Participant: 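Here it is: the structure, laid out below.
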Amino acid sequence: MSAVDLSQLVLPAARAEQARTALRAAVTARRDRAIAGGLVQEGLAIATDDLSQSRILGAALSAVIDPDLVLGWKTADGRMVPLTAPQILALAKAVRAHVQACFDREAAILADLAAGGTPDLAVGWP
């Protein structure tokens with residue numbers, strides 16, 4: 001009788017946990033792509049990646065400090081446009097809502113998975 005290499009044996013429970021972990025990672029990656037996917041605000045294409053969010057936050061703070069602020073903003077499609085303080089604040093609010101909607105979709109998918117569902121990761125994102 002030959003020896004069995006048990007190091008390669010993966011128990012069903014461990015295999016299932018590995019699959020759940022991989023699926024949760026796929027959901028998180030999909031959320032991150034949705035967050036960075038951008039949005040359209042007042043007809044302007046707006047980047048929503050992490051760096052753009054940081055810049056929008058800085059602009060929003062400046063708009064709060066100076067309500068008369070007008071600054072040039074480069075849109076995601078490369079146009080330079082002037083934005084007033086109220087427009088900047090509306091933009092910051094829209095970006096925040098976009099990001100939150102992405103986290104909300106992730107939470108809904110994870111809840112569905114936990115309940116034994118099989119949600120479609122390709123649909124329902126902002």
Side-chain angles (χ1 to χ4, degrees):
M1 186 188 268
S2 63
V4 176
D5 182 5
L6 296 179
S7 69
Q8 300 302 312
L9 180 65
V10 179
L11 300 175
R15 188 175 299 130
E17 183 55 34
Q18 288 172 343
R20 284 190 293 275
T21 298
L23 190 50
R24 285 192 300 268
V27 173
T28 298
R30 179 62 184 95
R31 181 211 61 215
D32 289 343
R33 283 194 314 276
I35 286 173
L39 59 85
V40 176
Q41 173 76 8
E42 295 184 18
L44 302 175
I46 302 298
T48 55
D49 58 89
D50 290 344
L51 179 57
S52 296
Q53 288 181 57
S54 177
R55 290 174 176 164
I56 290 165
L57 177 63
L61 178 60
S62 294
V64 168
I65 294 168
D66 180 4
D68 297 322
L69 176 71
V70 176
L71 53 78
W73 194 263
K74 188 172 184 178
T75 62
D77 58 6
R79 293 185 297 150
M80 290 297 294
V81 296
L83 294 178
T84 64
Q87 288 174 311
I88 294 164
L89 294 175
L91 173 61
K93 186 175 180 178
V95 169
R96 182 66 239 151
H98 169 78
V99 171
Q100 188 59 53
C102 293
F103 277 99
D104 292 346
R105 178 64 182 137
E106 176 189 26
I109 289 173
L110 292 176
D112 192 9
L113 288 171
T118 54
D120 185 347
L121 298 187
V123 300
W125 298 95

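Computed from a prediction, not measured in an experiment: that's the story for all the values here. Counting from 1, the numbers follow the sequence of the chain as shown.
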Participant: How far apart are the closest heavy atoms of Gln41 and Ala90, and which atoms are they?
Facilitator: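 Gln41 and Ala90 have their closest heavy atoms at NE2-O, 3.7 Å.
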Participant: Test your reading of the model: is there a side-chain donor-acceptor pair from Arg79 to the backbone of Ala45, 3.5 Å cut-off?
Facilitator: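 Checked: no pair found.
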Participant: Ignoring hydrogens, what is the shortest heavy-atom contact between Ala60 and Leu89? Give both atom names and the distance.
Facilitator: O-CD2, 3.6 Å
Participant: Would Val95 end up clustered with Val81 when hydrophobic side chains under 4.5 Å apart are linked, directly or stepwise?
Facilitator: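 Linked, Val95 and Val81 end up in one cluster.
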Participant: How would you list, by chain and number, every residue that makes a side-chain contact (heavy atoms from CB on, under 4.5 Å) with Asp32, sequence neighbours excluded?
Facilitator: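 Checked Asp32 against side-chain contact (heavy atoms from CB on, under 4.5 Å); matches are Thr28, Ile35.
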Participant: Look up atom CD in Glu106 and atom CZ in Arg30, then write down how far apart they are to the nearest 0.5 Å.
Facilitator: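 Reported value, rounded in 0.5 Å steps: 11.5 Å.
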Participant: When rounded to the nearest 0.5 angstrom, what is the spacing between CG in Leu57 and OG in Ser52?
Facilitator: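 The CG atom of Leu57 sits 12.5 Å away from the OG atom of Ser52.
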Participant: State, yes or no, whether a side-chain contact exists between Val123 and Arg105 at a heavy-atom distance under 4.5 Å.
Facilitator: yes
Participant: For Thr21 and Arg24, test the side chains for any donor-to-acceptor distance below 3.5 angstrom and give the result as yes or no.
Facilitator: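 There is such a pair (donor and acceptor under 3.5 Å, judged by atom type) between the side chains of Thr21 and Arg24.
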Participant: Could you pull out the closest heavy-atom pair between Ala59 and Leu71, with the gap in Å?
Facilitator: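 The pair with the smallest heavy-atom distance is CB-CD2, 4.2 Å.
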Participant: Quick one: pull up CZ in Arg33 and CZ in Arg31 and give me the separation to the nearest 0.5 Å.
Facilitator: 11.0 Å
Participant: Please identify each residue that fulfils side-chain contact (heavy atoms from CB on, under 4.5 Å) with Leu61, with sequence neighbours left out.
Facilitator: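 For Leu61 the side-chain contact (heavy atoms from CB on, under 4.5 Å) partners, ignoring immediate neighbours, are Ile65.
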Participant: Looking at CD1 of Ile109 and CG of Leu121, how far apart are the two atoms once the value is rounded to the nearest 0.5 Å?
Facilitator: 5.0 Å
Participant: Look at the side-chain heavy atoms of Ile, Leu, Val, Met, Phe, Trp and Tyr, link any pair under 4.5 Å apart, and say whether Val99 and Trp125 land in one connected group.
Facilitator: no
Participant: Are the side chain of His98 and the backbone N or O of Ala36 linked by a donor-acceptor pair below 3.5 Å?
Facilitator: no
Participant: Provide the closest heavy-atom pair for Pro126 versus Ala101 in the form atom of the first, atom of the second, distance.
Facilitator: CG-CB, 3.6 Å
Participant: Starting from the C-alpha separation in whole Å, work towards a yes-or-no answer on side-chain contact (heavy atoms from CB on, under 4.5 Å) for Ile56 and Ile46.
Facilitator: CA-CA 10 Å; Ile56 290 165; Ile46 302 298; 3.9 Å; yes
Participant: For the atom pair CG (Leu91) and CG (Leu83), what is the distance rounded to the nearest 0.5 Å?
Facilitator: 6.5 Å
Participant: Flag yes if Leu44 and Ile88 sit in one hydrophobic cluster, no otherwise; membership is Ile, Leu, Val, Met, Phe, Trp, Tyr, and two members link when side-chain heavy atoms are under 4.5 Å apart.
Facilitator: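 Same hydrophobic cluster.
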Participant: Could you pull out the closest heavy-atom pair between Ala76 and Ala47, with the gap in Å?
Facilitator: CB-N, 3.8 Å
